[in-house]
Number of protein chains: 2
Amino acid sequence: MPRPSQPLLSMERIRECALEIIDTAGLEALSMRRLAERLGVRAASLYNYVPNKDELLHDLANSMMDQVDVSGFGSDWVTGVTVWARSYHRALAEHPNLVPFIASGPARREAALRRADAVHGGLVEAGWSQRYATMIGASVKYLVVGSAMGSFAGGFVDDAEIYDERFPNLSRAHLLRSHAAEIDHASFELALHAFIEGLRRRYTETDSAE
Amino acid sequence: MPRPSQPLLSMERIRECALEIIDTAGLEALSMRRLAERLGVRAASLYNYVPNKDELLHDLANSMMDQVDVSGFGSDWVTGVTVWARSYHRALAEHPNLVPFIASGPARREAALRRADAVHGGLVEAGWSQRYATMIGASVKYLVVGSAMGSFAGGFVDDAEIYDERFPNLSRAHLLRSHAAEIDHASFELALHAFIEGLRRRYTETDSAE
DNA sequence: ACCTGAACACCGTTCAAGT
DNA sequence: ACCTGAACACCGTTCAAGT
């Protein structure tokens, strides 16, 4: 019998299947053995394509972050920050179960640093000091990561009846899962715009970009 | 030989030791077997005191969150939010390795809901609508959780020399670990104050608390 | 080149058994 | 009441062996 000329696995297939497990069953549900089983193969085979589990996760994280758009700094810093924050937020929201992995640990990767550099550069060019550029970048990151992690969606159990009398201020409508996604999005937008508004009012934009 | 009348274990000792492992070696370093070993006991013994590992972690999380101070809403909403955010931030910063656990998953616990209720109530009493009270509460939580997770400290490798030429905008001083803690704190304060400032400017406080 | 079985050193958790 | 040994069903990873 000749060996089948087509390999059973591919990086593509591995990534896809891993992400599917994470999205549907959670980060802790991903194991090399389960992943292999779904791919119709034994766990050891995966190591022909991936150095280890951690590297696979970093790989997924990186391709997620490729959607982050930093091009808005070509215009003024406000649209730069807004475009950056929104695309960042959208990228994380697409695979919420991967967010804890992305957010913990150093973002030591090439692409991440290139984006950080672009954000910092855009802010400095708009007249912010080095120090403020760093802090503004950090603040927006806090907002994005925080909203991806501590989102309302999934934060409360489904039947809000339980809470009704015990916690009078937490009214039903604000706890229902069906409204949670909308509230999450509105809260993020509020936080982002209020933050930017606060920045504009409080500090002089010494030489603002046109 | 009589059985030793004093038990070897106690909830106190278990919690203390678990937290020490998490703080010094990280969340993933905590295993029931390693914890037992440090306590001079076998893993199975722990189950006389703790239903399972997850419950132990929730227990640690809860006692951390007891430090969150919601009393500031006795005065105006600005100090209410500020006191809340700072104490929340401080609590998380004390055990950063536990933050991913705290931030993921529903905060379904009694004490957490009581605090959420207090925040919401305080904001509504200050004249914010139900909807805005919810969004403001969420926004601040985003900031606190985000700053605890995506903190600069530990976010970059120690020798910043590597970055110097490759990423011209990310200057050395902003990447050094020694400065990271200070930048983190300053960024959090900037974000919080700019957010509050933005809120005050943009929306009428219809009937502000005296 | 790619896949496998077997092995190693780990997990969380249960449970009958000991004192 | 509290601790233990042994077991069960899992992990990630390596490696000699097969094709």
Side-chain angles (χ1 to χ4, degrees), chain A residues 1-62 97-98 100-102 104-106, chain B residues 1-62 97-98 100-102 104-106:
Chain A
M1 253 345 198
R3 40 209 165 351
S5 51
Q6 291 290 1
L8 297 175
L9 255 33
S10 73
M11 202 55 204
E12 181 81 5
R13 247 164 65 70
I14 292 173
R15 262 200 290 258
E16 209 171 307
C17 189
L19 208 48
E20 192 183 300
I21 292 174
I22 291 171
D23 285 342
T24 62
L27 187 57
E28 72 290 345
L30 179 73
S31 78
M32 297 301 271
R33 293 175 127 104
R34 189 189 303 240
L35 175 58
E37 194 186 20
R38 287 239 199 156
L39 290 164
V41 100
R42 301 296 191 172
S45 309
L46 294 170
Y47 291 86
N48 284 308
Y49 297 83
V50 172
N52 53 52
K53 185 183 175 180
D54 211 64
E55 216 56 50
L56 171 57
L57 286 171
H58 270 107
D59 212 68
L60 297 176
N62 280 333
N97 293 339
L98 199 48
F101 175 81
I102 291 174
S104 357
Chain B
M1 254 343 195
R3 41 218 164 346
S5 52
Q6 291 290 2
L8 297 174
L9 253 36
S10 73
M11 201 56 204
E12 181 81 5
R13 244 163 67 72
I14 292 173
R15 263 201 290 259
E16 209 171 307
C17 190
L19 209 46
E20 192 184 300
I21 292 174
I22 291 172
D23 285 343
T24 62
L27 187 57
E28 72 291 343
L30 179 73
S31 77
M32 297 302 271
R33 292 175 129 102
R34 189 189 304 239
L35 175 57
E37 194 186 21
R38 287 239 199 154
L39 290 164
V41 101
R42 301 297 190 172
S45 308
L46 295 170
Y47 291 86
N48 285 307
Y49 297 82
V50 172
N52 53 53
K53 185 184 175 178
D54 210 63
E55 216 57 48
L56 172 58
L57 286 171
H58 270 107
D59 212 70
L60 297 176
N62 280 332
N97 293 340
L98 198 48
F101 175 81
I102 292 174
S104 355

Notebook entry, point to check: For the pair made of CD in B/E55 and C1' in C/dT13, what is the distance, rounded to whole Å?
Noted result: 15 Å
Next item on the list: Find the distance A/L57:CG to D/dG12:P and express it as a whole number of Å.
Entry: 10 Å
Item checked: Contacts of type side chain to side chain contact (heavy atoms under 4.5 Å, CB included), residue A/A25, not counting sequence neighbours -> A/A29
Note to self: I'd like to check the side-chain hydrogen bond (donor to acceptor under 3.5 Å, both in side chains) partners of A/R42; sequence neighbours left out, ordered by chain and number.
What the structure shows: none
Item checked: Set of residues satisfying side chain to side chain contact (heavy atoms under 4.5 Å, CB included) with respect to B/V41, sequence neighbours excluded -> B/L8, B/L9, B/A36, B/S45
Item checked: Nearest atoms (heavy-atom pairs only) where B/A61 meets B/I102 -> CB-CG1, 3.7 Å
Check: Restricting to pairs with a member in residues 22-36 of chain B, which pass side chain to side chain donor-acceptor pair (under 3.5 Å), not counting sequence neighbours?
Finding: B/D23-B/H95
Notebook entry, point to check: Closest to the B/Y47 side chain: D/dC3, C/dT13, D/dG12?
Noted result: C/dT13
Note to self: Just the rounded figure in Å: distance from P of C/dC11 to NZ of A/K53.
What the structure shows: 15 Å
Next item on the list: Name the closest nucleotide to the A/N52 side chain, picking from C/dC3, D/dT13, C/dC11.
Entry: D/dT13
Check: What's the CG-P distance between A/D54 and D/dG12, to the nearest Å?
Finding: 12 Å
Checklist line | Residues in salt bridge (Lys or Arg N to Asp or Glu O under 4.0 Å) contact with A/E37, at least two apart in sequence or another chain | finding: none
Next item on the list: Give the rounded distance in Å between these two atoms: CD1 of A/I14 and P of C/dC2.
Entry: 11 Å
Note to self: Can you measure B/L46 atom CG to C/dG12 atom C1' for me and round it to whole angstrom units?
What the structure shows: 11 Å
Checklist line | Canonical and wobble pairing (Watson-Crick, G-U, under 3.5 Å) of DNA chain D, dot-bracket with | | finding: ||.|||||...|||||.||
Next item on the list: Would you kindly give the CG-to-C1' distance between A/L56 and D/dC11, to the nearest whole Å?
Entry: 16 Å
Next item on the list: Please work out which residues in residues 32-45 of chain B have a non-hydrogen atom less than 4.0 Å from an atom of DNA chain D and list them by number.
Entry: B/R33, B/V41, B/R42, B/A44, B/S45
Checklist line | Distance, rounded to the nearest Å, where A/L8 contributes CG and C/dC2 contributes C1' | finding: 8 Å
Margin query: Side chains of A/L30 and A/F101, heavy atoms from C-beta outward: is any pair under 4.5 Å?
Written below: no
Item checked: Pairing residues for B/R15 by the side-chain hydrogen bond (donor to acceptor under 3.5 Å, both in side chains) criterion, not counting sequence neighbours -> B/D59
Notebook entry, point to check: B/L27 versus B/L57: any side-chain heavy-atom pair under 4.5 Å?
Noted result: yes
